[in-house]
Amino acid sequence: MAAALLANTLYSLGFVLEKRALTSLPEVTIRQPARLLRLVLGSPLWIGGSLALAAGFAAQLVVYRTLPIAAAQGIFVSGLVLLVLLSARLLGEETSGRERYALGAILLALLMVVLSLREGSDTVSQDAPYPLILLVCVPSLAAGVWLYASAERRTRNRHRRPTTGVEYGVAVGLLYGVSSLAIKGVSSRLTTRGIGGAALDLLSSPYPYLLLFTGVFGLVMSQAALQRCRASLIVPVCTTVTSLFTAVLGTLSFGEALPDEPLRLALRVAGTALAVAVLLTMPKHDTAPQPSPPAKELASP
């Protein structure tokens with residue numbers, strides 16, 4: 001629980017710092033990935049946000065070794081509350097009444113998941129068949145890239161209403177969902193005794209290669225989307241999709257059993273259902289005033 005809450009804090013802080021850095025940079029696009037990386041790597045604030053995300057990744061490894069996948073996702077979703085609070089404080093992003101109701105649902109979902117936990121009775125699986133992992137992950141990666149490209153084409157329409165980033169959030173959420181399964185797999189491979197044996201075991205699995213793909217594409221896609229849309233909307237959508245993907249497909253892939261007791265099972269399923277409700281209540285068009293582009297964006301090639 002402590003590691004999960006720490007991961008939430010680090011992830012929320014990291015996203016907010018990256019968003020703040022991106023607002024002062026020229027416009028970035030996935031069609032120019034080398035330029036995007038050059039710009040963000042030249043920003044100390046963005047690097048600080050990336051380091052916070054990396055520390056959150058390390059905390060997530062600990063979580064997956066001690067909590068079932070479904071339970072961990074319910075706790076990770078709670079980070080959305082902190083994210084929205086930090087976005088309002090550090091980025092000046094305002095949330096609507098509809099969005100605040102969604103936050104209330106997230107808090108209730110977290111409470112349900114926490115109440116469904118019982119130490120020593122939940123199964124924490126350490127392995128999954130590689131063909132099954134690839135069968136789940138490869139189509140999901142293809143769907144995420146395709147959805148993002150479709151959203152990019154629609155966004156280039158000058159007469160389109162400003163988007164909240166729901167499409168971007170779903171696309172990146174699918175990539176991060178695959179990344180989350182890969183993190184779970186990495187945590188299971190680290191149980192091998194000896195550094196050499198653990199490294200060899202890890203490299204013979206698909207997990208480091210899935211992490212490499214999602215890391216590179218997720219970085220480029222998320223930064224371009226984060227610059228255009230409010231962090232307080234796009235990150236909750238992304239997090240919700242990632243959590244649902246990991247909780248449902250991860251539990252099935254790694255063979256982790258749900259609670260046997262009817263009450264605990266109902267609490268966990270209801271918490272997942274509330275996470276779905278959060279995604280469905282997110283508005284697709286942004287009515288908040290958009291910030292003016294920075295001066296050096298206008299001067300960029």
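Residues: numbered from 1 along the sequence shown.
Tracing side-chain contacts under 4.5 Å through hydrophobic residues (I, L, V, M, F, W, Y), one reaches V178 starting from Y11; they form part of the same cluster. Residues V16 and L45 do not share a hydrophobic cluster, defined by chaining ILVMFWY side chains whose heavy atoms lie under 4.5 Å apart. Criterion: ILVMFWY side-chain heavy atoms under 4.5 Å apart, direct or through other members. Under it, W146 and Y148 are part of a common hydrophobic cluster. The cluster map of Ile, Leu, Val, Met, Phe, Trp and Tyr, joined by side-chain heavy atoms under 4.5 Å apart, puts V138 and L174 in different clusters. Residue L51 is grouped with residue F15 when hydrophobic side chains (ILVMFWY) are merged at heavy-atom distances under 4.5 angstrom, including chains of intermediate members.
Here the shortest heavy-atom pairing between P26 and R35 reads CB-NH2, 3.5 Å. Of all the heavy atoms in V62 and A3, the pair that sits closest is CG1-CB, 4.0 Å. When all heavy atoms of S43 and A21 are compared, the closest pair comes out as OG-CB, 3.5 Å. Minimum heavy-atom separation, P206 to L134: CB-CD2, 3.9 Å. Heavy atoms only, all atoms of each residue included: S253 and I133 are closest at CB-CD1, 4.0 Å. Summarising the geometry of S87 relative to A231, their closest heavy-atom pair is OG-CB, 4.1 Å, with the distance given to 0.1 Å.
The CD atom of E27 lies 11.0 Å from the CG atom of L39; values are rounded to the nearest 0.5 Å. Interatomic distance, CZ of F254 versus CG of L249, reported as 11.5 Å (0.5 Å rounding). Note that CG of L175 and CG of L219 are 11.5 Å apart. Values are rounded to the nearest 0.5 Å. The CE atom of M221 sits 12.0 Å away from atom CG of L36, with the distance rounded to the nearest 0.5 Å. One distance of note links CD of E18 with CG of L53; it measures 5.0 Å at 0.5 Å rounding. Interatomic distance, OG of S179 versus CG of L211, reported as 5.0 Å (0.5 Å rounding).
Here the side chain of Y168 pairs no donor or acceptor atom with the backbone of S222 at under 3.5 angstrom. Side-chain N or O atoms of T242 include one that pairs as donor or acceptor with a backbone N or O of G173 at under 3.5 Å. No donor-acceptor distance shorter than 3.5 angstrom exists from the side chain of T29 to the backbone of Q32, with no hydrogens or angles considered. No donor-acceptor pair under 3.5 Å is formed between the side chain of E152 and the backbone N or O of I30. Put simply, the side chain of K19 never gets that close to the backbone of L91: no donor and acceptor are under 3.5 Å apart. Within the 3.5 Å criterion, the main-chain N or O of L22 finds a donor-acceptor partner in the side chain of Q227. Counting only distance, with no hydrogens or angles, the side chain of T9 and the backbone of L5 share a donor-acceptor pair below 3.5 Å.
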message = I'd like to know whether V235 forms a side-chain contact (heavy atoms from CB on, under 4.5 Å) with L226, so could you lay out the CA-CA distance, the side-chain angles of the two residues, the decisive distance to 0.1 Å, and finally the verdict.
response = CA-CA 8 Å; V235 177; L226 194 58; 4.1 Å; yes
message = For V136 and F245: C-alpha separation, side-chain torsions, deciding distance, then whether side-chain contact (heavy atoms from CB on, under 4.5 Å) applies.
response = CA-CA 10 Å; V136 168; F245 180 96; 4.0 Å; yes
side-chain contact (heavy atoms from CB on, under 4.5 Å) assessment of W46 paired with Q223 = CA-CA 10 Å; W46 186 91; Q223 299 311 302; 2.8 Å; yes
key: Verdict with supporting geometry, L147 and V170, side-chain contact (heavy atoms from CB on, under 4.5 Å)   = CA-CA 8 Å; L147 182 60; V170 172; 3.5 Å; yes
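Between Y209 and F213, the distance separating the two ring centers is not shorter than 6.0 angstrom.
Using modelled atom types, one finds no donor on one side chain facing an acceptor on the other under 3.5 Å when comparing E167 with S150.
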